[in-house]
**Student:** 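Dropping a structure here in structure tokens format, bear with me for questions.
What you are looking at is a predicted structure, and each value in this text was computed from that prediction instead of being measured. Just so we're on the same page: letters track the sequence lines, and every chain starts at 1.
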Amino acid sequence: MPDRSVMEETAQPPSSSPPGQAELERVRARDPEALAAFFERYFDRVYATVYRLLGDRTLAEDMTQEVFLKVHRAAHQLDPTRDPGPWLMTIAHNACRDLWRSGAWKMTRRAAPLDGESPLASTLASPAPDPERALLSAERERLVQEALAKLPEPLRVAIVLHDYQGLGHEEVAAITGIHHAAARKRYSRALAALARLLEGSLG
Amino acid sequence: MTHEPERVTPQEARARDAVRGLGAPRADAAFRERLKRDFVTGRIGERRVLELPVAWHRRLAWRLALAPVAAALAVVVALANRGPAWTVRGTLGDGIAVVDQFPVPLGHADELQRRLHPGARLRMPEGGQVELAAAGSMVIQVAAGTELTLPASPGRWFGRSVTATTAHGVIRVTTGPAFHGARLHVDTPEASVDVLGTTLAVICEPAGTCVCVFDGVVQVGARGAAQEPVSSGHRRFVFNDGRPPEMAGIRPPEIGRLDDLRARQRSWLERGSD
């Protein structure tokens with residue numbers, strides 16, 4: 001595991017307990033205060049997920065906006081008795097899948113590199129306590145993100161949702177609309193492919 | 001986290017741990033603030049379409065006002081694009097040519113020129129030939145007994161590909177500087193010829209079509225089949241009985257005729273007009 005102390009700028013997305021039923025009822029009613037709390041609770045998680053799936057900050061911003069737009073429009077469909085996390089992840093996954101299927105995405109992928117702002121650059125700009133370790137960590141992060149980007153999209157989703165977001169195979173299966181066993185199998189294939197891509201580069 | 005135990009190789013475990021160790025990238029603070037404000041106020045998505053604050057009736061008025069201007073502009077451009085008209089550079093022999101079923105004696109060059117236009121069907125008498133020119137672009141010599149549907153001369157900017165059709169007889173073509181970038185397509189009953197700048201003869205005979213190339217390169221093939229390049233000094237014969245085309249040296253009589261045509265018309269073509 002990489003040293004988490006050098007990642008203060010980029011901490012793992014929070015996995016705090018879901019909001020209570022009363023609060024979700026207010027989100028359903030589009031109460032501004034509840035919406036603000038909801039946004040604060042889930043923004044980082046949504047943004048981080050779509051960023052890891054798309055590998056591009058601008059696209060991640062567009063997609064995050066798309067997700068919250070859909071949430072706002074469908075707020076009345078929110079089930080206040082359940083954790084809205086998987087619901088949000090389903091919306092995020094569907095939005096990314098729609099993008100991947102679009103002609104515009106295929107066109108941009110032909111020429112576009114990964115994110116223009118490399119983790120290395122942001123690390124150099126940040127006042128890290130140990131520059132050498134920060135550099136190593138940033139380089140490692142870049143390698144992993146590049147390897148993720150090389151995975152076929154369904155496999156990338158499997159890895160990001162399971163390992164990065166910490167969702168169980170059951171939840172991943174529900175989000176991606178496949179059977180539990182298929183989700184497990186897909187994750188195994190994804191992990192094997194990722195391991196091959198990272199072979200020799202993680203030190 | 002709710003990971004179930006997985007049976008993984010050490011390499012896979014390292015890859016998995018690397019993903020689990022990825023940080024959460026920070027979004028741009030201004031973006032986050034704006035999105036939060038829009039989400040909370042319900043204005044999210046409102047500014048996705050740039051609407052010009054113009055009333056529909058004013059837009060319609062503009063369209064109505066601009067439509068005749070656009071139409072006039074299109075007419076002006078189409079007129080300006082037109083290539084030079086066909087002129088009669090000279091006739092040889094006598095007899096009566098037929099242009100679009102209208103008989104015109106070869107001696108009446110003005111009348112002949114007046115009746116010739118792109119798409120006109122010209123049938124030459126057995127005893128005479130005519131040379132037609134599009135200034136700077138090309139000269140077509142239409143030999144005795146030939147039937148030709150006259151092509152347009154290539155447009156200045158667009159419509160640079162033109163087509164002539166000949167049913168039987170001989171046409172000889174030489175091109176000038178203004179032809180550069182244009183294409184003359186000649187259709188015969190059995191052959192398809194593409195001219196990109198050259199001097200050549202297309203000879204329609206009972207057995208097929210012979211294309212003799214004096215200079216440059218011409219693409220020749222049976223109709224509906226692939227074309228092949230025929231270079232200077234060669235000919236390709238496309239049979240009308242299905243035999244494969246034959247390649248050989250240029251017909252000796254055509255060397256003199258094409259050389260003569262090119263030599264006589266070159267300076268005129270290079271000048272662009274009389």
**Student:** Using a cut-off of under 4.5 Å on heavy-atom pairs, state which of A:Ala75, A:Ala34, A:Ala36 scores highest against chain B.
**Tutor:**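 Highest number of heavy-atom pairs under 4.5 Å: A:Ala36.
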
**Student:** With distance as the sole test, does A:Arg57 use its side chain to make a donor-acceptor pair with the main-chain N or O of B:Arg26 at under 3.5 Å?
**Tutor:**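 It does hold such a pair.
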
**Student:** Compare every heavy atom of A:Glu61 with every heavy atom of B:Asp28, then report the nearest pair and how far apart it is.
**Tutor:**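 Between these two residues, the closest heavy atoms are CB-OE2, 3.4 Å.
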
**Student:** Could you check whether atom CZ of B:Arg183 has more than 12 heavy atoms from other residues, nucleotides or ligands sitting under 6.0 Å from it?
**Tutor:** no

**Student:** Side chain, backbone, both or neither: which part of A:Thr64 has a non-hydrogen atom closer than 4.5 Å to chain B?
**Tutor:**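 Looking at A:Thr64, backbone and side chain both touch chain B.
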
**Student:** Would you indicate whether the side-chain heavy atoms of A:Arg52 and B:Pro25 approach each other to under 4.5 Å?
**Tutor:** yes

**Student:** Under 6.0 Å from the NE2 atom of A:His179, do we count more than 12 heavy atoms belonging to anything else shown?
**Tutor:** no

**Student:** Heavy-atom distance under 4.5 Å to chain B: side chain of A:Phe68, backbone, both or neither?
**Tutor:** both

**Student:** Given heavy-atom pairs under 4.5 angstrom as the criterion, report whether the side chain, backbone, both or neither of B:Phe39 touches chain A.
**Tutor:** both

**Student:** Do other residues, nucleotides or ligands put more than 12 heavy atoms under 6.0 Å from the CZ atom of A:Arg82?
**Tutor:** no

**Student:** How far does CZ of B:Arg14 sit from CD of A:Glu199, to the nearest 0.5 angstrom?
**Tutor:**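 The CZ atom of B:Arg14 sits 8.5 Å away from the CD atom of A:Glu199.
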
**Student:** Any idea which heavy atoms bring B:Ala24 and A:Ala48 closest together, and the distance?
**Tutor:**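 Result for this residue pair: CB-CB, 4.2 Å.
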
**Student:** How far does CG of B:Leu22 sit from CZ of A:Arg140, to the nearest 0.5 angstrom?
**Tutor:** 9.0 Å

**Student:** Given that the side chain runs from C-beta out, which part of A:Leu143 has a heavy atom under 4.5 Å from chain B: side chain, backbone, both or neither?
**Tutor:**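 Neither part.
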
**Student:** Surrounding NE2 of B:His117 (heavy atoms of other residues, nucleotides or ligands, distance under 6.0 Å), is the total greater than 12?
**Tutor:**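 Correct, the count exceeds 12.
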
**Student:** Counting only heavy atoms closer than 4.5 Å, note whether A:Leu198 contacts chain B via side chain, backbone, both or neither.
**Tutor:** side chain

**Student:** Rounded to the nearest 0.5 Å, what separation is found between the CZ atom of B:Phe31 and the OG1 atom of A:Thr58?
**Tutor:**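 Going from the CZ atom of B:Phe31 to the OG1 atom of A:Thr58 covers 10.0 Å.
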
**Student:** Any Lys/Arg nitrogen of B:Arg32 or A:Glu40 sitting under 4.0 Å from an Asp/Glu carboxylate oxygen of the other?
**Tutor:**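 Here B:Arg32 pairs with A:Glu40 in a salt bridge, since their nearest N and O are under 4.0 Å apart.
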
**Student:** Keeping A:Tyr164 on the side-chain end and B:Gly21 on the backbone end, is there a donor-acceptor pair under 3.5 Å?
**Tutor:** no

**Student:** What residue, out of A:Leu148, A:Leu197, A:Val144, has the most heavy-atom pairs lying under 4.5 Å from chain B?
**Tutor:** A:Val144

**Student:** Work out which heavy atom in A:Pro32 is nearest to a heavy atom in B:Val40; give both atom names and the distance.
**Tutor:** O-CG1, 3.4 Å

**Student:** List the atom of A:Leu191, the atom of B:Glu12, and the distance in Å for their closest heavy-atom pair.
**Tutor:**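 For A:Leu191 and B:Glu12, the tightest heavy-atom pair comes out as CD1-O, 3.6 Å.
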
**Student:** CG of B:Leu35 to CZ of A:Phe39: how many Å apart, nearest 0.5 Å?
**Tutor:**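 It comes to 4.0 Å.
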
**Student:** What is the distance from atom NE2 of A:His72 to atom OG1 of B:Thr41, rounded to the nearest 0.5 Å?
**Tutor:** 7.0 Å

